[in-house]
J.: 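Sharing a structure, written as structure tokens. Questions coming.
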2 protein chains.
Amino acid sequence: MKPTIRDVAKMAGVSISTVSRVMNAPDTVVESKRSRVMEAIEALKYQPNAFARGLIYKKSFTLGLLIPDIENLYFAGVIRGMQDACIKLGYSLMICNTDRDKERTLSYIDTFHEKQVDGVVFASDVLYTEYYEKLVGCRIPFVLVSSHSDEYEVASVEVDDEKAAYDAVKFLIELGHQEIGMIGFNHDNSVSGPPRFAGFVRALKEFGLERNVEKVKYANHRFEQAYQASHELFSEYPELTAVFCVADEFAMGTISYLKDRNILVPGQVSVIGFDNLRMSGMFIPKLTTIAQPIYQLGYRAAEKLHELLTTGSVAVMKEKMEHKLIVRESSREK
Amino acid sequence: MKPTIRDVAKMAGVSISTVSRVMNAPDTVVESKRSRVMEAIEALKYQPNAFARGLIYKKSFTLGLLIPDIENLYFAGVIRGMQDACIKLGYSLMICNTDRDKERTLSYIDTFHEKQVDGVVFASDVLYTEYYEKLVGCRIPFVLVSSHSDEYEVASVEVDDEKAAYDAVKFLIELGHQEIGMIGFNHDNSVSGPPRFAGFVRALKEFGLERNVEKVKYANHRFEQAYQASHELFSEYPELTAVFCVADEFAMGTISYLKDRNILVPGQVSVIGFDNLRMSGMFIPKLTTIAQPIYQLGYRAAEKLHELLTTGSVAVMKEKMEHKLIVRESSREK
DNA sequence: TTGAAAGCGCTAACAG
DNA sequence: CTGTTAGCGCTTTCAA
């Protein structure tokens, strides 16, 4: 049996209240008893039972994190940031991988409810009504990261997707490209799909290149799908000399396709990615991309949730973090 | 306030024991009351408090997972497998990323202790005495995945590293390579470092190629380090025509270095990796590698821990899973 | 400064 | 079949 507060009390020859006090308000206990209690705690390797504490405090000091795909390096960064923030703020973290499955997501929310997590961070996926209502129904405070909600009043932290996409495409245009295509996220099951497309369109229009607006194919988060989408894109628009990919993984799929077709990158076609995953510096060629402050996004999300938990609201509802263009080798020189 | 069992009882007009019964032994309650209780539960979105339950059962139905590096795709696979097994077995999962930091690892074990996790899976890292003693001191049952312990009696699941390395090197030799180098894990802070080196040596000796035994450089888990190690390896042994890398990430680093030196892969040098990460099929060239059943390793580790938790011991202490050679494009044709 | 005792939400005897 | 009651381990009044 794990030792309880009673065992410590007995060993130290004091009452359980005294033991409790040395843990929560040490200076209300005289030195002599305090040190005896500390010794006993040490000797028994006593650790207060989190269940008993939770029952009283009605807090678990645990946060939940819902991510769509743990095999996507993007989320590894978010997790690291959030985990570091949790350590700083005194929370434990419960990470759940939903695979973008509704049943599974809902069931994880149940688990969070049952384990009484203090709050949850919901990453990237779209906040479907079912999710929102379940979270609200369970009275679980939550914030969104790499996502936002137009329908509901929910705090969020993300990058300015429209602006970032605009910057990427503008960069391509300034490199001299006139025939530019895009591999995007489907608009109906992603939150950054529409704004990134909008940024693509805005840059094109600004430079009188609107004829490219339709040169877009969509993929569903993974490499293989982007490979396939590139195939469709280039079959239909062989004149393309540049592609804006809304994810680094898409850029890799696109480059892979181009390579199989013996089309040189960046010699014949420039490719720009999005995210700046750790992998993007390892790929051949190294990816030119729009960097998101991934780690910071996770860190900030945890802080924001903490703010919500402790003050009942957040100072800024829809927070944007800075993105940055990183020029490497997959785009041609000026 | 979240509703308690009392609220449900009141609304359904029964005692709290009856409510408890419909949750734990439904058929001992008459249909009429049972359905009234179910309705009340539904209406209030009642979810039993895990703290109160934990206090009684002395079980949290939560497992802990300690991984060294969440940004390594290898662990993403382990996590998925373990998470699926947890769903099947009725556990929640608490994942902690140690960054291979001792302080941090020890502190996570404290957290696990405090949250009363039922058991923990410890991944890949070496089981230092401090870890072992703390875990045992806290009376937390645990198993090792992608690791094992020679010193202690601890259950583990992994691949046969020596045999897998042997197979990789033998494959290279059978391709006709005579000058073979290796990029390995440091022997003092990794568990698979020594056996993989041993497999390298055995294959070499078996084919009378022991002169290559010293052509080894070491790196510390990441791409950049492998890039640097390759630089050292090829500066010292420019005659090399093949390299056995003990991780796919090392293979990518090596290929990246070779590419920067304008050495063709597989034209001039064959490179074989280890793990078969999802990335290895996305890289250019696609990696020839030794596949580990990563997902299954995670799944099996959770099952094994469950076995330990429920029966008090495991049928097989040191379990090995099958590896497989995957031939793709980074090795030359025969 | 300290101890006794109530109670957090739930389960499991024990009566009825 | 159902209700009453005694804890599970801890914190927190309330007295002493």
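These values consider heavy atoms only, across backbone and side chains, with no hydrogens, waters or symmetry-generated copies. Residue numbers begin at 1 in each chain, while the letters A, B, ... track the order of the sequences.
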J.: Judged by atom type as modelled, is there a donor-acceptor pair below 3.5 Å linking the side chain of A:Arg278 to the main-chain atoms of B:Glu71?
T.: yes
J.: Please determine, by modelled atom types, if A:Tyr108 and A:Asn97 share a side-chain donor-acceptor pair under 3.5 angstrom.
T.: no
J.: Expressed in angstrom and rounded to an integer, what is the separation of B:Ile5 atom CD1 from C:dC10 atom C1'?
T.: 6 Å
J.: Just by distance, with hydrogens left out, do A:Ser60 and A:Lys115 show a side-chain donor and acceptor under 3.5 Å apart?
T.: no
J.: Do B:Ser17 side-chain and D:dT4 base share a donor-acceptor contact under 3.5 Å?
T.: yes
J.: Ignoring the backbone of B:Lys33, work out which of D:dC8, C:dT2, D:dG3 is nearest its side chain.
T.: D:dG3
J.: Atom CD1 of A:Ile56 to atom P of C:dC10: distance rounded to whole Å?
T.: 15 Å
J.: Can you see whether A:Thr129 engages A:Tyr152 through a side-chain donor-acceptor pair at a distance of less than 3.5 angstrom?
T.: yes
J.: Using a 3.5 Å distance criterion without hydrogens, assess whether the side chain of A:Ser192 forms a donor-acceptor pair with backbone atoms of A:Asp161.
T.: no
J.: Respond yes when some side-chain nitrogen or oxygen of A:Arg6 is under 4.0 Å from OP1 or OP2 of D:dG9, and no when none is.
T.: no
J.: Quick one: A:Leu44 CG to D:dG9 C1', roughly how many Å, whole number?
T.: 15 Å
J.: May I ask you to say what B:Thr4 touches in the nucleic acid, namely base, sugar-phosphate or nothing, with a heavy-atom cut-off under 4.0 Å?
T.: sugar-phosphate
J.: So, OP1 or OP2 of D:dT11: does either fall under 4.0 Å of a side-chain N or O from A:Asn24?
T.: yes
J.: Among the candidates C:dC10, D:dC8, C:dA13, find the nucleotide nearest to the side-chain atoms of B:Arg21.
T.: C:dA13
J.: Give the nucleotide from the list D:dT11, D:dC1, C:dC8 with an atom nearest to the side chain of B:Val30.
T.: D:dC1
J.: Atom CD1 of B:Ile16 to atom C1' of C:dA12: distance rounded to whole Å?
T.: 11 Å
J.: For B:Asp7 and C:dG9, give me the distance from atom CG to atom C1', rounded to whole Å.
T.: 11 Å
J.: Picking from C:dG9, C:dC10, D:dT11, which would you name as closest to the side chain of A:Ser20?
T.: D:dT11
J.: Can you find an N or O donor on one side and an acceptor on the other, under 3.5 Å apart, linking the side chain of A:Ser15 with the base of C:dA4?
T.: no
J.: Can you measure B:Arg53 atom CZ to D:dG9 atom C1' for me and round it to whole angstrom units?
T.: 18 Å
J.: Base, sugar-phosphate, or nothing: which does A:Tyr57 touch, judged by heavy atoms less than 4.0 Å apart?
T.: sugar-phosphate
J.: Taking the nucleotide of DNA chain D with the nearest heavy atom to each, does B:Val29 or A:Leu55 sit closer to the 5' end?
T.: B:Val29
J.: For A:Gln116 and C:dC8, what is the distance between atoms CD and C1' respectively, to the nearest whole Å?
T.: 11 Å
J.: Nearest whole angstrom, please: distance from the C1' of C:dG9 to the NZ of B:Lys58.
T.: 15 Å
J.: Using a heavy-atom cut-off of under 4.0 Å over every strand shown, decide if A:Thr18 touches base, sugar-phosphate, or nothing.
T.: sugar-phosphate
